[in-house]
Amino acid sequence: MAETGQSTATLRLKVGDLQIAHPLTVPTRPVAATAVLPALEGLVNAVVEAAEKGKAISCRKGCGACCRQLVPISRTEGEALLALIEAMPRERRKAVRTRFAAAEAAIARAGLAERATRSDRESARSDRALSLAYFALGVPCPFLEKESCSIHPDRPLVCREYLVTSPAELCAGPAQEGVTPVPVPKLSAGARRLQDESDTWFPLALLFAWSRKRPVSAKRRPGTEWVQRFLGSLTSLKS
Ligand code: SF4
């Protein structure tokens with residue numbers, strides 16, 4: 001049963017061959033979009049679990065090759081990650097911020113910063129040359145520690161959706177040839193339109209570069225309304 005001030009509804013989702021029934025609990029009062037992120041993370045986890053059923057997943061703790069890819073995240077996830085870093089103990093926060101600064105500098109030196117954050121979002125997203133050039137830099141995600149995700153429970157939605165069945169060593173190849181990702185419906189794309197009308201994302205490694213220019217005002221809406229906006233943006237999803 002939902003606590004007072006919260007609403008629970010079972011979401012029935014059919015994406016491709018997958019059928020999911022998943023309970024979503026969100027606040028009924030006006031909240032920032034970040035307040036519904038835990039519910040969306042639970043939904044993405046459920047979809048991924050259904051998609052990987054019966055498949056031999058090669059991804060293992062300690063294998064962080066994919067954590068050198070360009071990781072597109074939404075404004076809402078960016079706001080949640082900034083709050084997560086802010087809440088870290090001082091020394092840890094300093095270490096994470098130092099890694100972000102190093103990643104940002106490496107991306108800028110390679111001349112990829114503008115290309116990876118340009119306003120022409122659709123073509124930037126499908127820019128394979130950009131993805132390969134970014135991966136070739138070998139810039140580890142600032143949250144990667146000992147080749148494992150140090151924020152695993154709070155990692156972005158798109159990180160949850162990336163699993164492979166091919167041999168792990170192929171993931172480190174320059175063109176990632178032979179890598180076979182599990183076809184997971186990309187619900188993470190829905191989060192990109194949560195606060196904005198357009199498909200808004202930026203590379204995770206440029207979190208602080210984005211935060212220096214980010215919109216200052218954030219709308220508050222009932223949690224149920226945020227979920228409706230999220231679901232509305234999923235209509236164009238392909239598996
Ligand atoms: S957030 Fe975690 S899973 Fe995602 S790229 Fe970074 S280290 Fe990897």
Side-chain angles (χ1 to χ4, degrees), residues 34 37-38 40-49 51-52 57-88 92-107 110 112-113 116-117 124-125 128 130-166 168-174 176 179-182 184-192 201-211:
T34 48
L37 200 49
L40 302 185
E41 289 168 351
L43 174 63
V44 168
N45 289 348
V47 169
V48 171
E49 206 174 294
E52 70 178 345
I57 305 298
S58 331
C59 307
R60 296 281 177 272
K61 196 174 177 193
C63 174
C66 63
C67 299
R68 288 166 176 81
Q69 292 187 25
L70 191 164
V71 175
I73 64 166
S74 62
R75 170 184 169 180
T76 307
E77 292 169 284
E79 289 166 349
L81 288 173
L82 286 172
L84 183 78
I85 295 169
E86 200 49 44
M88 287 174 177
R92 176 152 164 65
R93 185 169 67 232
K94 200 171 147 198
V96 169
R97 289 196 69 138
T98 300
R99 292 200 292 263
F100 267 101
E104 192 181 322
I107 294 164
L112 292 182
T117 52
R125 195 174 61 194
R128 175 146 171 84
L130 168 64
S131 299
L132 290 178
Y134 186 101
F135 187 64
L137 291 179
V139 172
C141 171
F143 291 120
L144 191 65
E145 292 176 2
K146 296 185 182 155
E147 294 302 304
S148 289
C149 180
S150 63
I151 58 157
H152 197 259
D154 301 297
R155 67 200 186 287
L157 301 177
V158 75
C159 300
R160 296 163 199 261
E161 294 170 338
Y162 192 78
L163 294 168
V164 304
T165 52
S166 41
E169 55 272 19
L170 294 180
C171 293
Q176 308 208 315
V179 174
T180 314
V182 175
V184 175
K186 300 292 183 283
L187 269 63
S188 55
R192 296 182 197 151
W201 61 268
F202 57 91
L204 169 57
L206 296 180
L207 176 66
F208 285 93
W210 169 79
S211 80

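In each ligand, atom 1 is the first atom listed, and ligand 1 is the first ligand listed.
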Test: R160 and E41 ion pair at under 4.0 Å: yes
pair F100-I85: side-chain heavy atoms closer than 4.5 Å: yes
L82 side chain reached by F208 side chain, heavy atoms, under 4.5 Å: yes
pair S131-Q176: side-chain heavy atoms closer than 4.5 Å: no
Carboxylate-amine/guanidinium contact E147 R68, below 4.0 Å: yes
Environment of atom 2 (Fe) of ligand 1 in terms of protein N/O/S atoms, cut-off under 2.8 Å: C149 SG
Contact check, side chains of E77 and L40, non-hydrogen atoms, under 4.5 Å: no
